[in-house]
Protein chains: 4
Amino acid sequence: MSEPKQPVGRPRDSQIDHAIASATRALLVERGYAKLTVDAVASRAGIGKAAIYRRFATKQEMIFAATVHDMEEQPPPDSGSLRGDLAAICDIIAEQLSTAPPDVLHGLLADIHGDQALGARFSGSFIERERFVIDTVLSRAVERGELAAKPDTAIVHALLLGPIFYWILILIGDHGALPDLSRTVAGMVADTLTASV
Amino acid sequence: MSEPKQPVGRPRDSQIDHAIASATRALLVERGYAKLTVDAVASRAGIGKAAIYRRFATKQEMIFAATVHDMEEQPPPDSGSLRGDLAAICDIIAEQLSTAPPDVLHGLLADIHGDQALGARFSGSFIERERFVIDTVLSRAVERGELAAKPDTAIVHALLLGPIFYWILILIGDHGALPDLSRTVAGMVADTLTASV
Amino acid sequence: MSEPKQPVGRPRDSQIDHAIASATRALLVERGYAKLTVDAVASRAGIGKAAIYRRFATKQEMIFAATVHDMEEQPPPDSGSLRGDLAAICDIIAEQLSTAPPDVLHGLLADIHGDQALGARFSGSFIERERFVIDTVLSRAVERGELAAKPDTAIVHALLLGPIFYWILILIGDHGALPDLSRTVAGMVADTLTASV
Amino acid sequence: MSEPKQPVGRPRDSQIDHAIASATRALLVERGYAKLTVDAVASRAGIGKAAIYRRFATKQEMIFAATVHDMEEQPPPDSGSLRGDLAAICDIIAEQLSTAPPDVLHGLLADIHGDQALGARFSGSFIERERFVIDTVLSRAVERGELAAKPDTAIVHALLLGPIFYWILILIGDHGALPDLSRTVAGMVADTLTASV
DNA sequence: ACTTAAACGAGACGGTACGTCCCGTCTTTGC
DNA sequence: GCAAAGACGGGACGTACCGTCTCGTTTAAGT
């Protein structure tokens, strides 16, 4: 009846999972996305290539796991006001996007949307996580009476994070301007939502 | 003294330029960005690889030329109101982004930002064009008295187009919802700008 | 002082020895020497790879044990005449070589002579056995008065078995012609030896 | 009607054919058959691996071409007597086999007989060449009246070269004894053939 | 019965080579 | 004197196999 799936044979070495992720991240920073090779990751991690391909079907999945998948979950902010919550969400995203080398972001997104399976996993992890955070914040605003009705989460999602992504990914704008942009976006979206009550 | 570059020898065949661009676009649609090879483009176009590399330094430049570069210039809209102009800008962008396969957009962006020269060309063509369009629209709004002062064009750029790009590139959202999103974004930005007077 | 190596712990399972040898032979026939893998042998035998490497240092030793080593010893023939004895020796060898797939013989020989230890074992088992058989037959011929002096065993060995091996291993000749070849070789060598008296 | 197959495109560089063969032979001598890698051959030859795999489907075909296929043709000896001709044939073969590293011979033979296509090519080159040489020598002996009828070439082939191959490949006998063995074999076969008149 | 120590099936591990693919360049022949 | 055809050096990919190494379990011999 139960399916505890007690595994036979030698179990996977979880240290190797970490070693792969670490080596991948280090090499992404050192050499950039385009120059990253699986052999280099294996060599840096002190393991064999087979150990990588036993875990990931392709190089892209490995990178995905080492970056997007391993991002720690962020609990929804709770500042007491919708505007404050939205600003916090923007700040966190801006912070996360700023720390990654810019070509990694593009390479990663290109790979994600060039592979059916990865696209689904991306939606299921990062996108879904953001959706949940925004949804929670909006629900609290409704409870507080700031909003009369909960608006479409997906639309708010795009309105809120779109400008941040665009600034970093497309305009390659000054990162120093990001806090200002965050506040502007958050305020604009908050005003729009409360006004439509 | 003059440099009209009077060409010696057989001139380049302009039909080949078109054949390359056509073959590239066709293969991008058929196979996707990741599976596009220069050999395949040459074969499909019925030409030799040398003819491609005589025109473009890299595969990325070829794709760039066949996609971004060939986008026709759009004059700034002039609907009479800021809100209408912004909505028109959003609609045009949404339309252009919708026609391309999504993985091509990501691949292209990744290549653009992975190559110094292409990045500059992209800024000089697409980005600069949008900047000019938005700047013109904002200036007209100031003349009309809709705005007290012309706000930072780059910020408006991000606020306006960010959500559209995010919807299409990151969320892979329903294209049917794009007109609504365009109107929402344009209204929101217009309200924010006029309110801050 | 004594070294009976009284074993502690679980004793080796002799059924596994047979399972390995059987699986090895079966896979050699089914897939050929080049395609034989240790994993396949283990899988076919229903055992783990460790059980194989506990018994044999290398894949080559395993194959060697499953083929050469298991050949039963043949007592020297005693037909009453040198010619008859030599023909019997040829027939037995031809019979043994015919049963094995030809690529196995070559693979085995290559491995044997590519590995010091295996080469010595091969010399000590197969070669030495043949040498002894031929030596015995020649000695009996001397006793019988068929030969005046015992000729160099190694030379006779080569003269006698060389053509058989060559026919099977190099020419990949018709096996139906082997009895004829055996008789021809035996007669020729016998004549040569007796003529040189 | 004609099929001169006038090739389009850049022709193969015949220097590369030689470079591959030379590098292969050099590395076979330096490292032995088992340690030969395609990458090492490419590196030594100063070429890319693709240039090798454009010419040969597998590593084995490459080695085959560099060794067996490139052996210069030897015209049939014509010493004036059957015995002399046979001895010459034996001497040439013994000489050729002696110069090659022993593990190369075994590895080569194993590969040849482990691959259908290579086996056929081997028969068509080396084996056929020897067959022709022996056939010519036997025909001349018939013309000279040394032989009443031409015996089966394949049988003579095996009788003549078998002992030489066996001595070198199986017995790993002393190479110093080869001239003696050659003479013994040639005399024995010549006697047998002439006696059966 | 209980301990002990090795053997066992399963399969992960480091390493090495394979054969494939593609990029951007170079070299022919033909129009 | 350019164009197609395609060979070239280089380099990464993903696969396969070897011989080793854990795991948790089983089996006998010695207590």
Side-chain angles (χ1 to χ4, degrees), chain A residues 6-16 34-40 42-43 45-60, chain B residues 7-13 16 35-40 42-43 45-54 56-60 62, chain C residues 6-13 15-16 35-40 42-43 45-60 62, chain D residues 6-16 34-40 42-43 45-60 62:
Chain A
Q6 78 183 104
V8 290
R10 179 175 174 174
R12 296 261 172 92
D13 184 345
S14 71
Q15 287 196 316
I16 289 182
K35 299 268 183 70
L36 182 80
T37 69
V38 176
D39 286 86
S43 172
I47 60 172
K49 253 203 302 184
I52 292 177
Y53 282 105
R54 207 172 290 120
R55 291 167 168 75
F56 310 106
T58 64
K59 171 186 169 181
Q60 285 75 38
Chain B
V8 184
R10 177 169 172 180
R12 292 233 180 116
D13 184 346
I16 290 181
K35 297 265 183 72
L36 182 80
T37 69
V38 176
D39 288 82
S43 171
I47 60 172
K49 261 203 298 182
I52 292 176
Y53 282 105
R54 207 171 291 120
F56 310 105
T58 65
K59 172 188 173 184
Q60 285 74 38
M62 177 190 72
Chain C
Q6 79 184 106
V8 184
R10 178 174 173 175
R12 295 247 176 103
D13 184 345
Q15 286 195 317
I16 289 181
K35 298 264 183 71
L36 183 80
T37 69
V38 176
D39 288 81
S43 171
I47 60 171
K49 261 203 298 182
I52 292 176
Y53 282 104
R54 208 171 288 121
R55 290 165 170 78
F56 310 105
T58 65
K59 172 187 172 183
Q60 285 75 36
M62 176 191 73
Chain D
Q6 77 183 107
V8 293
R10 176 175 177 176
R12 296 263 172 90
D13 184 346
S14 70
Q15 286 195 316
I16 290 182
K35 297 268 183 70
L36 183 79
T37 70
V38 176
D39 285 85
S43 172
I47 61 172
K49 252 201 304 184
I52 292 177
Y53 282 106
R54 207 172 290 119
R55 290 165 170 76
F56 310 106
T58 64
K59 171 185 169 182
Q60 285 75 37
M62 177 190 73

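By convention in this document, chain letters (A, B, ...) are assigned in the order of the sequence lines, proteins followed by strands, and residues within each chain are numbered from 1. Just so it is clear, the structure is predicted and the values come from calculations on it, not from any experiment.
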Between NZ of B:K35 and P of E:dC21 the distance, given in whole Å, is 13 Å
Here the distance between atom C1' of E:dC26 and atom CG of D:D13, to the nearest Å, is 11 Å
note: D:Q15, atom CD; F:dA7, atom P; distance rounded to Å ~ 17 Å
Comparing nearest nucleotides in DNA chain E, the 5'-proximal residue of the pair A:R55, C:G46 is C:G46
From CD1 of A:I52 across to P of E:dA12 the rounded distance in Å is 15 Å
The answer to which of C:T58 and C:R10 contacts DNA chain F further toward the 5' end, by nearest nucleotide, is C:T58
To the nearest 0.5 Å, atom OG1 of D:T37 lies from atom NZ of D:K59 at 7.0 Å
A:K59 atom NZ is separated from E:dC21 atom P, nearest whole Å, by 18 Å
**Asked** A:A50 near the nucleic acid: base, sugar-phosphate alone, or nothing, with a heavy-atom cut-off under 4.0 Å?
**Response** base
Output for pair (C:I16 CD1, C:R54 CZ), nearest 0.5 Å, gives 8.0 Å
Picking from E:dG19, F:dC13, F:dG6, the nucleotide nearest the side-chain atoms of A:T37 would be F:dC13
message: By the 4.0 Å heavy-atom rule, please label B:K49 as base, sugar-phosphate, or nothing.
response: base
B:D39 atom CG is separated from E:dT20 atom C1', nearest whole Å, by 14 Å
Polar side-chain atom of A:R55 near backbone of A:R12 as donor-acceptor pair, under 3.5 Å:
no
**Prompt:** When all nucleic acid strands are considered with a 4.0 Å heavy-atom cut-off, which category describes C:L36: base, sugar-phosphate, or nothing?
**Reply:** sugar-phosphate
By nearest-heavy-atom nucleotide on DNA chain F, the more 5' of A:G9 and D:I16 is D:I16
Minimal heavy-atom distance between D:V38 and D:Y53, with the atoms involved, is CG2-OH, 3.5 Å
Rounded to whole Å, the OH-C1' distance (C:Y53 to F:dT22) equals 17 Å
Considering only heavy side-chain atoms of C:I47, the closest of F:dA7, E:dG9, F:dC18 is E:dG9
Closest heavy-atom pair, C:G48 versus C:A42, reported as atoms and distance to 0.1 Å, is C-CB, 4.1 Å
C:R12 atom CZ is separated from F:dA29 atom C1', nearest whole Å, by 17 Å
>> Using a heavy-atom cut-off of 4.0 Å across all strands, would you classify A:R54 as base, sugar-phosphate, or nothing?
In response: base
